[in-house]
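Chain A is the first sequence line, chain B the second, and so forth, proteins listed ahead of strands; every chain is numbered from 1.
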Amino acid sequence: MPVDGQAPQPAGGRLPRVRFAPSPTGYVHVGGARTALYNWCFARQQGGAFVLRIEDTDRQRSEASWESGILSALEWLGITWDEGPYRQSERSGLYSDAAARLLAGGHAYYCSCRRDEIDARTKDNPVPGYDGFCRDRGLGPGPGRAVRFRVPDEGVTVVRDLVRGDVEFANSTIEDFVVVKSNGDPLFVLAVVVDDEAMGITHVIRAEEHLPTTPKAVLLWGVLSDAPLPAFAHLPVLVNEKRQKLSKRRDKVAVEDYRDEGYLPEAMVNYLGLLGWSPADGRELLTRDELVAGFRLDEVNRSPAFFDEKRLAHFNGVYIRALELDEFVRRALTFCSSPRAPWPPERFDERAFRRLAPLVQERVATLGEVPGMIEFLFDEPFRLDPDAFAKAIGGDSGAAGILRAAIARLEGCSWDADTLRAEMAAIADSSGRKLAKAQAPVRVAALGRGVGLPLFESLEVLGRERALERLAAALDGTALFSGADGAVRPASVAGGA
RNA sequence: GCCCCCAUCGUCCAGCGGCCGAGGACGCCGCCCUUUCAAGGCGGAAACACGGGUUCGAAUCCCGUUGGGGGUGCCA
């Protein structure tokens with residue numbers, strides 16, 4: 001990879017070259033991830049190149065740490081780049097050269113107007129934007145002077161868009177926009193055009209929010225380069241439940257967050273891939289390779305898509321269940337180790353987890369849910385859900401009898417799930433209950449919750465000693481605390497508050 | 001305000017003038033399976049924003065309206 005920040009010249013072939021060009025100002029937005037994915041699919045399918053370019057021309061907001069976050073998020077998603085990362089901050093010479101050519105060719109001029117001055121002059125104008133005050137003042141460079149592009153007064157600039165068709169902008173509605181800030185830094189419009197040209201980008205695939213600035217890029221390209229314009233493809237934005245563009249401030253959008261909650265990258269890729277596109281055969285479960293093979297830019301739809309976490313979770317559950325058991329355990333291990341897990345790290349026993357893993361695997365939608373499923377094996381002290389206790393034990397007058405019977409029968413039986421089940425079935429019979437109803441007090445007493453893994457397998461792994469201990473403690477709780485309102489607080493067994 | 005984009009179940013997609021009495025998936029509801037919960041199976045409710053055209057025929061094409069969104073920075 002080049003270290004001097006200079007892009008190699010395009011080979012001159014006809015293979016497509018695309019780029020993903022995030023600015024390092026925060027976590028990777030799921031919308032950005034989708035953009036990256038579509039670029040990547042297109043490049044891989046066409047045998048072209050995927051270029052990674054860091055757009056850090058805004059020195060105030062850009063931070064190197066965000067850049068490494070972007071790289072690791074892309075790696076996590078399996079989005080590999082062929083070139084880069086290039087950094088615009090390392091390519092400033094290119095931009096000043098371009099600005100100089102603009103100035104020399106009469107396509108740009110220095111402007112000394114401040115924002116408040118412009119606003120004061122233009123507040124009653126029918127056409128918004130800069131009024132061209134400095135166009136013909138013949139200003140040279142100097143402090144506080146920006147460079148503006150001289151937009152033609154007449155004519156129409158057409159953006160040919162692969163997903164939207166031709167979009168026309170009257171030049172009269174485009175203001176003379178700034179291309180170089182008064183501190184000498186290029187503005188992104190300029191930097192993007194210069195880089196796309198220098199890097200031989202053939203397809204600019206990005207979010208729709210960039211569509212309104214695209215005619216400016218087209219205008220710049222026209223005076224800066226003889227090369228043909230790249231094709232544009234503006235993807236629909238991703239929105240929240242209120243149908244507003246996802247924002248880092250108000251919405252949960254960081255792919256890092258989803259990673260940390262235990263979403264699988266292949267599920268995320270599958271879900272993201274279907275947000276705005278779908279294969280002709282209607283399949284919804286697609287591997288990365290199938291996505292690459294089937295993806296078509298001109299099939300991308302035009303309307304905004306809601307990022308639906310429920311649907312993502314469904315995909316994730318499907319992918320989790322499809323994992324080989326060993327692979328599931330391996331991936332879940334990260335979530336079972338401190339500090340994320342709700343138990344002291346030394347208490348975790350991988351072999352115990354492994355015995356229950358098949359049952360866990362089909363019950364979780366994210367890997368982050370795994371610890372909660374097996375918490376009863378490792379927590380110290382044992383945590384018992386007071387609400388579950390109140391319902392299944394405190395609020396059930398027959399619960400004490402069931403618990404007593406369970407203690408009696410489980411003391412001496414052989415300790416395996418089948419036997420435990422048979423013993424509980426016998427208790428159910430003699431108490432005139434269905435097994436489903438009879439097992440509830442035992443479940444809550446031994447596992448601490450009303451719902452969870454199958455009871456008998458769980459007891460088997462828990463072990464006789466701890467199981468009987470808990471049943472006895474729960475029995476004490478019923479004697480001491482069974483209040484009429486069901487608001488039972490079994491202080492003797494509840495681990496916490 | 002101005003410029004631009006968009007418009008099929010709550011949500012994501014299918015639909016490219018007749019095959020639409022609008023299909024799939026998520027979610028939701030019910031039933032089955034079942035030691036709880038899941039998973040799985042079966043079934044159900046649920047949409048072409050509105051108005052004009054064009055056409056023998058429109059969810060599909062055109063125009064308008066309405067609604068939503070994006071942009072309007074010396075942010076990207």
Could you run down nucleotides 1-13 of chain B 5' to 3' and tag each one B, S or - for protein heavy-atom contact under 4.0 Å? BSSSSSS---SBS

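Neither OP1 nor OP2 of B/G71 sits under 4.0 Å from any side-chain N or O of A/K216. Contact annotation: A/K245 reaches the phosphate of B/G71 (side-chain N/O to OP1 or OP2, under 4.0 Å). For the pair A/T57 and B/A76, the criterion of a side-chain N or O lying under 4.0 Å from OP1 or OP2 is met.
Distance A/R321 CZ to B/G40 C1': 9 Å, rounded to the nearest Å. Between the P atom of B/A76 and the CZ atom of A/R61 lies a distance of 7 Å, rounded to the nearest Å. A/H234 places its NE2 atom 12 Å from the C1' atom of B/A76, with the value rounded to the nearest Å. A/E67 has its CD atom 16 Å from the P atom of B/A76, to the nearest Å. Taking atom CG of residue A/D429 and atom P of nucleotide B/U35, one finds them 13 Å apart after rounding to whole Å.
Annotation: cation-pi geometry not satisfied between A/R137 and A/F133 (NZ/CZ under 6.0 angstrom from ring centroid, within 45° of ring axis).
Ring geometry for A/Y271 against A/F307 counts as perpendicular: the plane angle is over 60°, on a 0 to 90° scale with 30° as the lower cut. Relative ring orientation between A/Y258 and A/Y263 is described as perpendicular, the plane-to-plane angle rising above 60° on a 0-90° scale split at 30° and 60°.
Nucleotide B/G21 forms no Watson-Crick or G-U wobble pair with any nucleotide shown, as no partner meets the under 3.5 Å limit on both distances. Pairing partner, B/C61: B/G53, with both Watson-Crick or wobble hydrogen-bond distances short of 3.5 Å. Within the shown strands, B/G1 is the pairing partner of B/U72 under the Watson-Crick or G-U definition, both distances less than 3.5 Å. Nucleotide B/G30 forms a Watson-Crick or G-U wobble pair with B/C42, both donor-acceptor distances falling under 3.5 Å.
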Pairs of donor and acceptor atoms involving the side chains of residues 297-305 of chain A, under 3.5 Å and at least two apart or interchain, shall be tabulated with distances.
from	atom 1	to	atom 2	distance (Å)
A/D298	OD1	A/R296	NH2	3.4
A/D298	OD2	A/R296	NH2	3.1
A/E299	OE1	A/W277	NE1	3.0

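B/G44 and B/G64: their P atoms are spaced 42 Å apart (whole Å). Across B/C26 and B/G40, the matching P atoms stand 8 Å from one another, rounded to whole Å.
Side chains of A/T122 and A/D131: no donor on one and acceptor on the other come within 3.5 Å.
Between A/D196 and A/R53 there is a salt bridge, since at least one side-chain N of the basic residue sits less than 4.0 Å from a carboxylate O of the acidic one.
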